Amino acid sequence: MHLNPYGEYAVRLAVDIVNDPPTDAVEFEQRCLDAGMSDDTVAMHTDLARAAAFFDEWLTVIDAPTHDQRALALNALLAQTSAYPRLTNHADDGWHLHYRDPELPLADVVRALVSVGTALHLVGRGMHRLGRCDAADCDRVYADFSRTGKQRYCGTACSNRDAVRRHRAKATAPSS
């Protein structure tokens, strides 16, 4: 049996979806496939409105001001997941662990995967490893997968733009 890397691909999928929401169910399904979900899971009925509502709830985890509040928000999401973990045998991939009942609609599968993945990410890497970009003109979400655990920006563009802004502010500040 291998353990699915729910803590990474599911969190990356969530960040991708909240930062750039899909315009229709077909795009949502394709992005789930591109993130690593199996064809049989994505083939389930897609209710994009339910999935969008879940991602709005997931943002409460991101925006929680303390680790304790973050844990409470995430525990509320985990309480709504579909089922207990279960072993599943896929012919092409062998035995592995699923955190959902079979035959669930895609929105419910995503709820379970992202909730469990977020929990694994936070307990495995640190409760501070999710956030919103520190750039003044950006509110995009990031998940910190770095070795140092000090990510503050959604990406290189915002990091560079903020560094230039700080440099210019320092260069034009009056000397003491």
Side-chain angles (χ1 to χ4, degrees), residues 3-23 27-38 41-42 47-85 96-100 104 106-163 165-166:
L3 293 175
N4 290 337
Y6 288 117
E8 187 162 336
Y9 98 85
V11 175
R12 289 185 189 278
L13 172 64
V15 168
D16 177 55
I17 295 294
V18 299
N19 284 337
D20 185 20
T23 56
E27 180 186 353
F28 179 62
E29 291 167 358
Q30 186 58 53
R31 288 169 68 184
C32 288
L33 286 169
D34 292 346
M37 291 180 71
S38 62
T41 300
V42 174
D47 182 342
L48 189 57
R50 267 178 71 194
F54 163 70
F55 286 112
D56 286 343
E57 292 176 68
W58 186 74
L59 286 172
T60 66
V61 176
I62 301 295
D63 295 332
T66 68
H67 295 330
D68 287 341
Q69 290 171 320
R70 178 169 279 176
L72 285 173
L74 185 53
N75 281 337
L77 293 180
L78 288 166
Q80 298 172 40
T81 58
S82 60
Y84 50 86
H96 59 276
L97 198 57
H98 278 197
Y99 291 92
R100 59 178 169 79
L104 280 178
L106 182 57
D108 293 334
V109 172
V110 168
R111 172 182 287 280
L113 290 176
V114 170
S115 297
V116 170
T118 301
L120 291 170
H121 177 74
L122 294 175
V123 299
R125 294 181 182 265
M127 291 296 286
H128 67 287
R129 296 283 195 124
L130 292 172
R132 292 217 184 238
C133 187
D134 268 3
D137 58 345
C138 183
D139 70 346
R140 291 172 62 88
V141 169
Y142 68 85
D144 185 352
F145 293 98
S146 70
R147 284 185 300 151
T148 63
K150 296 181 181 183
Q151 184 172 340
R152 297 179 15 229
Y153 299 96
C154 66
T156 306
C158 280
S159 174
N160 289 344
R161 190 171 56 251
D162 206 42
R165 181 196 52 77
R166 287 190 316 271

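Worth knowing before you read on, the calculation uses all heavy atoms, side chains too, and leaves out hydrogens, waters and symmetry mates. Residue numbers count from 1 along this sequence. The structure displayed is predicted, hence computed values, not measured ones.
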Worked check of side chain to side chain contact (heavy atoms under 4.5 Å, CB included) between D137 and R161: CA-CA 10 Å; D137 58 345; R161 190 171 56 251; 3.4 Å; yes
Residue pairs involving residues 131-157 (criterion ring-ring contact (aromatic ring centres under 6.0 Å, His included); sequence neighbours excluded): H121-F145
Short question: side chain of [X], backbone of [Y] - any donor-acceptor pair under 3.5 Å?
X    : Y    : value
N19  : R140 : no
S115 : R111 : yes
D144 : K150 : yes
R129 : S146 : yes
R70  : L130 : yes

Salt bridge (charged side-chain N to carboxylate O under 4.0 Å, His left out) contacts touching residues 11-23 (sequence neighbours left out): E8-R12, D16-R31
Atom [atom1] of [X] and atom [atom2] of [Y]: how far apart are they, to the nearest 0.5 Å?
X    : Y    : atom1 : atom2 : answer
D34  : E27  : CG    : CD    : 10.0 Å
R125 : R147 : CZ    : CZ    : 11.5 Å
D162 : C138 : CG    : SG    : 10.0 Å

Minimum-distance pair of heavy atoms, taken over all atoms of [X] and [Y]:
X    : Y    : answer
L77  : V61  : CD1-CG2, 3.8 Å
D47  : A107 : O-CB, 3.8 Å
C158 : C154 : SG-SG, 3.7 Å
A14  : V114 : CB-CG1, 3.6 Å

Taking side-chain contact (heavy atoms from CB on, under 4.5 Å) as the test, write out the residues that go with [X], two or more places apart.
X    : answer
N75  : L78
L13  : I17, C32, A35, M37
D63  : L59, R132
T156 : N160

Worked verdict on W58 versus V15 for side chain to side chain contact (heavy atoms under 4.5 Å, CB included): CA-CA 10 Å; W58 186 74; V15 168; 3.9 Å; yes
Trace of the side chain to side chain contact (heavy atoms under 4.5 Å, CB included) decision for V110 with F28: CA-CA 11 Å; V110 168; F28 179 62; 3.8 Å; yes
Distance-only donor-acceptor check, side chains D68 and T66, under 3.5 Å: no
Intermediate values then yes/no, side chain to side chain contact (heavy atoms under 4.5 Å, CB included), R50 and D108: CA-CA 8 Å; R50 267 178 71 194; D108 293 334; 2.3 Å; yes
